[in-house]
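Working notes, beginning with the structure itself.
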Protein chains: 2
Amino acid sequence: MAKKVGSPVRGSTTGRPIMVLFDVLGQRWTMRILWELRDGPYTFRALQERCDFVSPTLLNKRLKELREMALVDLTDEGFMLTRWGEELGGTLVALDRWSIRWAKELA
Amino acid sequence: MAKKVGSPVRGSTTGRPIMVLFDVLGQRWTMRILWELRDGPYTFRALQERCDFVSPTLLNKRLKELREMALVDLTDEGFMLTRWGEELGGTLVALDRWSIRWAKELA
DNA sequence: TCTTGACGCTACATAATTTGTAGCATACAT
DNA sequence: ATGTATGCTACAAATTATGTAGCGTCAAGA
């Protein structure tokens, strides 16, 4: 279910890290989940609520993948970003800033 | 087909720019297409080839969306990133760099 | 003019993914 | 035992992606 770095993924046989990342992030809800977890930890249900009530089926599937990729961890406080998850979440902030400028000019 | 900033998108009713972005980038092939176009321009078929022969159906669908979002333009040289597209592509480079470090430690 | 080839793109059937609802099993407190 | 919260699962319906074949247009060559 989760992708291993170095092995082929959807749409790329090279296993290059960025391709693995594109494969995972290019799935619905993955980026949103990482985004919301930036100010975690959250319980499964709390996270579900923050993600506009994404179905538990998919949330569980995504969390499983993210945990296998060492981006998310489940503690007794709830689900939270690992060190790597935090870093990745940080790069999303750049996206956020860009999107605001972009939206401003497009409007 | 394309998402307008400020209007609701899948999984978010706020229309916040970052949510619009998550909606679009969280579709298969979108990030990959932007990534490959960084050293464009490419013809439809050349781009398809670079994207591991993604189906023309989907490539066309994505390019349509990206053009409506002012990220991609079709010139007589082929498909290429607009100014905004270049900027967004630039933020993907950060992802690339991060993914390499991440893969190195996970391996 | 008749091919030949490249262009962007579309139709359509099949396969894979996502959604939404209901609910399970466990644990812990009342 | 009863209520409540936890993470998580089953399953059918809806949506999205894939792969193949091929269309209509245009420009260059014979």
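Proteins come first, then strands; the chains are lettered A, B, ... in the order of their sequence lines, and each starts at number 1.
A:N60 meets the side-chain contact (heavy atoms from CB on, under 4.5 Å) test with A:F44; sequence neighbours excluded. Under the side chain to side chain donor-acceptor pair (under 3.5 Å) criterion, A:W98 pairs with B:E87, not counting sequence neighbours.
Contact annotation: A:W29 reaches the phosphate of C:dT19 (side-chain N/O to OP1 or OP2, under 4.0 Å). For D:dT18, the OP1/OP2 oxygens have no side-chain nitrogen or oxygen of B:R62 closer than 4.0 Å. Residue B:N60 has a polar side-chain atom (N or O) positioned under 4.0 Å from OP1 or OP2 of C:dT10.
In this structure, B:F53 places its CZ atom 18 Å from C1' of D:dA17, rounding to the nearest Å. One atom, CD of B:E65, and another, P of C:dC9, lie 14 Å apart when rounded to the nearest Å. Counting to the nearest Å, the P atom of C:dA15 and the CG atom of B:L58 are 18 Å from each other. When the P atom of C:dA11 is taken as reference, atom CG of B:L59 falls 16 Å away, rounded to whole Å. In this structure, the CD atom of A:Q27 is 11 Å from the C1' atom of C:dA16, given to the nearest Å. Rounding to whole angstrom units, CG of residue A:L63 and C1' of D:dT9 are separated by 14 Å. For the pair B:K61 NZ and D:dA17 C1', the computed distance is 8 Å after rounding to whole Å. Per the geometry, CD belonging to B:E49 stands 12 Å off P belonging to C:dA6, to the nearest Å.
Counting only heavy atoms from C-beta outward, the side chains of B:T30 and B:Q27 approach each other to under 4.5 Å.
A salt bridge does not link B:R45 with B:E49: none of the charged nitrogens is closer than 4.0 Å to a carboxylate oxygen. A salt bridge does not link A:R101 with A:D96: every distance from a Lys NZ or Arg NE/NH1/NH2 to an Asp or Glu carboxylate oxygen is 4.0 Å or more. Salt bridge annotation for A:D23-B:R28: absent, with no cationic side-chain nitrogen under 4.0 angstrom from a carboxylate oxygen.
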Which atoms of nucleotides 25-30 of chain C (N or O only) lie under 3.5 Å from a protein N or O atom, and what are those distances?
none

Output a table of nitrogen or oxygen pairs between the protein and nucleotides 10-15 of chain D separated by less than 3.5 Å.
unit_1	atom_1	unit_2	atom_2	d
D:dA10	N6	A:T57	OG1	2.9

Do any N or O atoms of the protein come closer than 3.5 Å to N or O atoms of nucleotides 3-5 of chain D, and which pairs are they?
none

Could you walk me through whether A:L95 and B:L21 pass the side-chain contact (heavy atoms from CB on, under 4.5 Å) test, one step at a time?
CA-CA 8 Å; A:L95 274 188; B:L21 205 55; 3.9 Å; yes

Evaluate the salt bridge (charged side-chain N to carboxylate O under 4.0 Å, His left out) criterion for residues B:R32 and B:E36: first the C-alpha distance (whole Å), next the side-chain angles of each, then the deciding distance (0.1 Å), finally the verdict.
CA-CA 6 Å; B:R32 173 69 177 272; B:E36 297 296 345; 2.9 Å; yes

Please assess B:L37 against B:M80 for the test side-chain contact (heavy atoms from CB on, under 4.5 Å), listing each intermediate value before the final yes or no.
CA-CA 6 Å; B:L37 277 178; B:M80 58 185 295; 5.6 Å; no

Please walk me through it: do A:M69 and A:W84 pass side-chain contact (heavy atoms from CB on, under 4.5 Å)?
CA-CA 9 Å; A:M69 303 179 89; A:W84 289 108; over 6 Å; no

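Along DNA chain C, the nucleotide closest to B:L74 and the one closest to A:V54 are compared, and the more 5′ of them pairs with B:L74.
Taking both residues in full, the closest heavy atoms of A:C51 and A:I33 are given as SG-CG1, 4.0 Å, listed atom of the first, atom of the second, then distance.
Rounded to 10°, the helix from C:dT1-D:dA30 to C:dT30-D:dA1 has 10° between the axis fitted to its first five pairs and the one fitted to its last five.
Atom CG of A:L81 is separated from atom CG of A:L88 by 8.5 Å, given to the nearest 0.5 angstrom. Between the OG atom in A:S99 and the CD1 atom in B:I18 there is a gap of 4.5 Å [rounded to 0.5 Å]. In this structure, CD on A:Q48 lies 9.0 Å from OG1 on A:T43, to the nearest 0.5 angstrom.
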